[in-house]
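Single-structure report; data block below.
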Amino acid sequence: PVDRETIHFLKRAAAAKVPLIGVCTGSFILAEAGLMRYHQTCVSWLHIKEFRERFPDNPVRADCIFNLDRRRGSCVGGTSAADMAATLVRRHISGRAERNALEVLQIDQARPAVHIQPRRPLFKDFSNIHVKVALMTMEQNLDGMTIEDLAARIGVSRRQLERVFIETTGLSPARAFKQIRMDYAKRMISKTRASNIEVALEVGLKNASHFTRSFKRVHGQTPSQVRGS
DNA sequence: CGGGAAAGACTATCCGGGCC
DNA sequence: GGCCCGGATAGTCTTTCCCG
């Protein structure tokens with residue numbers, strides 16, 4: 001719940017044509033204030049269901065990392081805030097100012113708004129907390145991690161994680177992880193001009209050859225066939 | 001001719017089933 | 001919940017094909 005004072009403040013700022021930016025939860029607050037009804041909001045796929053339930057009339061997307069719509073901006077949180085900020089600095093100050101800011105933040109290159117949000121849930125919402133956390137961790141580590149590491153992060157043994165995973169999802173953790181990575185790869189292939197090796201590295205595979213094989217095994221088509229369709 | 005994509009062969013490593 | 005072993009998968013290297 002957002003207090004009245006905040007809502008009032010935001011409405012006055014909007015009336016005065018002040019640009020308003022929401023980072024993650026901040027986007028919900030802007031929507032709560034009724035300021036995103038005619039502006040597209042970008043939220044994390046983790047929250048898009050909740051956003052739609054709370055604000056059914058508001059246009060919302062979860063396929064990018066941030067969105068700038070006239071005087072309203074929104075991003076999915078985390079490092080996407082820096083990407084959005086970089087775009088704003090470049091747009092309103094200069095490319096040089098953007099580079100300086102990124103250097104201070106130790107960021108090599110800001111991602112564009114259209115960068116695919118690596119967070120679309122592949123599976124339904126499972127009740128088991130270990131499975132939930134495992135799936136989220138997988139999607140946040142697309143560039144690779146072992147099931148051993150994953151289990152350690154969650155605080156269970158590798159074997160125990162595998163058991164509960166198969167029981168809940170019908171898939172082993174490794175298979176689910178592979179599916180998530182190849183699903184992301186497919187979206188990258190169809191939405192960007194990235195080469196196979198670039199996509200392979202993005203999903204934690206070290207060479208294009210192996211990537212092509214894995215991709216075809218999962219999707220039944222090679223990356224170039226998907227791109228051409 | 002060069003670069004990228006796809007596939008084959010082989011080896012190393014990891015995962016998953018069985019068992020306790 | 002942990003250990004062990006066999007099978008599956010990832011990685012490397014190489015070849016072939018296609019396209020500009």
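Below, chain A is the first sequence line, B the second, and so on; all start at residue 1. Only a predicted model underlies this, so the values are computations on that prediction, with no experimental measurement involved.
Rounded to a whole Å, the CD atom of Gln160(A) is 14 Å from the P atom of dC3(C). Between Phe211(A) atom CZ and dT9(C) atom P the separation is 17 Å, expressed in whole Å. One atom, CZ of Phe177(A), and another, C1' of dA8(C), lie 17 Å apart when rounded to the nearest Å. A straight line from CD of Glu162(A) to P of dT9(C) spans 13 Å, rounded to a whole angstrom.
Side-chain N/O atoms of Thr212(A) include none lying less than 4.0 angstrom from OP1 or OP2 on dA7(B).
Checked by distance alone, Arg213(A) brings a side-chain donor or acceptor within 3.5 Å of a matching partner on the base of dT12(C).
For the pair Ile7(A)/Glu32(A), a side-chain contact is recorded, criterion being any heavy-atom separation below 4.5 Å from C-beta on.
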Carefully, step by step, assess Ser80(A) and Asp83(A) under the rule side chain to side chain donor-acceptor pair (under 3.5 Å).
-> CA-CA 5 Å; Ser80(A) 70; Asp83(A) 298 312; 5.7 Å; no

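Nearest heavy atom pair, residue Phe28(A) against residue Arg54(A), reads CD2-NH1, 3.5 Å.
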